[in-house]
Amino acid sequence: MSSLASLSLPLLRKLDPETAHELALDALMLGVSVPVKRPVDDPALATRTLGMRFSNPIGIAAGFDKNARVMRPLAQLGFGFVEAGTVTPRPQAGNPKPRLFRLTEDRAVINRMGFNNQGIDRFAVRLARLHRTLPSGRGGGAGAPIGANLGINKTGADPERDYPALVGRVKPYVNYIVLNVSSPNTPGLRGLQDAARLKSILDAIAERHPERPPLLVKLAPDLENEAIGPIVEAAIAGGAQGLIVSNTTLARPASLQSTFKGESGGLSGRPLRPRATEMLRLVAQAAAGRMALVACGGIESGADILERIRLGADLVQVYSAFAYEGPALVNRLKRELLDLMHQDGIEMLDDVRGSAL
């Protein structure tokens, strides 16, 4: 089934990236190239973290399904978990188009979308509908653990008010929640990563929601190395259970070849890999096993996944590689990861987690 979608990718690439993205979402909603049953994963790929079992460690990152439209189809493609969002309290149109660029020569993407989304009301309705489809409990309707990625509006935002309110809207329906305080496309958002400010926001959530699913914070790769330790400590002190490392970068590596390399916005994909990998090492050393870690940024092979797990990641997320390869990516990553595990005599991923630190 995924081969059909892969055949259509050259046609989608002739369209502007945002139109192609919308068509891909429509196709998933219609079930094009989506298996009727979710594939059964090899038990060797299973991992436990955040108080739950994941049949494999590969998730789809936030940004692909901003409005929670295709969580079940994505799970049926074989992702180990699915994250929707970023969603904001009020609907917003985002930044002017064009705002999404393929850097094909670099296997990268630049976006300055600006949290375009339909708002928390529609998002919560879709989560509730998904939740009701199966009786297996929170998140069960998707067939895999699901997460909600939360952000604030460009205008009229009050983070200590807005993040707790958003948590309250999604917490009955998801397995975990992510605070996005690291997108480069909302003015002032990255300032919320400051240790004291982050602790203030987490305290406001804890006061309003003493019972909730695990809470993760998504970090920017552009943080100064010396800021990482205090931020990790603030996240732990504020009751967060995990960190996502990392969001898109404002940096422009000298290696970029594409004519779009000068566009403003966040860069993702292959060129982000070196910084995302180094940052994971630093975060894992600072966290010292006290938090779950989700690696994101430039992951496009089984070797990339195994490297991040050896550096302390519990789970990984992909985005740009999925945009380039489509549904065939998921099975390829699992196959490559299993082959490497077999070659290296690794019985379970848990056996090598953090071994490179």
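- The shortest side-chain heavy-atom distance between E160 and R208 does not fall under the 4.5 Å cut-off.
- Salt-bridge annotation for K334 and D42: absent, with no side-chain N of the basic residue lying under 4.0 Å from a carboxylate O of the acidic one.
- Contact check on R270 versus E105 returns no salt bridge, with no Lys/Arg side-chain nitrogen under 4.0 Å from an Asp/Glu carboxylate oxygen.
- Residues L103 and L267 form a side-chain contact, since some pair of their non-hydrogen atoms from C-beta on lies under 4.5 Å apart.
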With a 3.5 Å cut-off and sequence neighbours excluded, list the donor-acceptor pairs that the side chains of residues 58-65 form with protein atoms.
residue: D65; atom: OD1; partner: A68; partner atom: N; Å: 3.3
residue: D65; atom: OD1; partner: R69; partner atom: N; Å: 2.8
residue: D65; atom: OD2; partner: R69; partner atom: N; Å: 3.2
residue: D65; atom: OD2; partner: V70; partner atom: N; Å: 2.9
residue: D65; atom: OD2; partner: M71; partner atom: N; Å: 3.3

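- Of the charged side-chain nitrogens involved, none lies within less than 4.0 Å of a carboxylate oxygen, so that D16 and K97 do not count as a salt-bridged pair.
- Annotation: side chain of L250 is in contact with side chain of R190 (closest heavy-atom distance under 4.5 Å).
- In this structure, the side chains of Y176 and V294 stay at 4.5 Å or more apart for every pair of heavy atoms.
- We find that K261 and D106 are not joined by a salt bridge, their nearest charged nitrogen and carboxylate oxygen being 4.0 Å or further apart.
- Between P57 and L337 there is a side-chain heavy-atom pair separated by less than 4.5 Å.
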Run the side-chain donor-acceptor check on residues 43-50: report pairs under 3.5 Å with partners two or more places apart or on a different chain.
residue: T47; atom: OG1; partner: D350; partner atom: OD1; Å: 3.0
residue: T47; atom: OG1; partner: R353; partner atom: NH2; Å: 3.1

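- Within the 4.5 Å cutoff, the side chain of V352 has no heavy atoms near those of the M341 side chain.
- No side-chain heavy atom of H21 sits less than 4.5 Å from a side-chain heavy atom of K66.
- Salt bridge annotation for E278-R281: present, with a cationic side-chain nitrogen under 4.0 angstrom from a carboxylate oxygen.
- A side chain to side chain donor-acceptor pair (under 3.5 Å) with N117 holds for exactly one of T88, N67, T86; it is T88.
- The pair R273-E307 meets the salt-bridge criterion, with a side-chain N (NZ, NE, NH1 or NH2) lying under 4.0 Å from an Asp/Glu carboxylate O.
- Side-chain atoms of N185 and N111 form a donor-acceptor pair, as typed in the model, at a separation below 3.5 Å.
- Between D304 and R308 there is no salt bridge, since no side-chain N of the basic residue sits under 4.0 Å from a carboxylate O of the acidic one.
- The side-chain heavy atoms of R197 and V181, taken from C-beta on, include no pair separated by under 4.5 Å.
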*Can R335 and D339 be said to form a salt bridge (Lys or Arg N to Asp or Glu O under 4.0 Å), step by step?*
CA-CA 6 Å; R335 187 172 63 250; D339 287 347; 5.4 Å; no

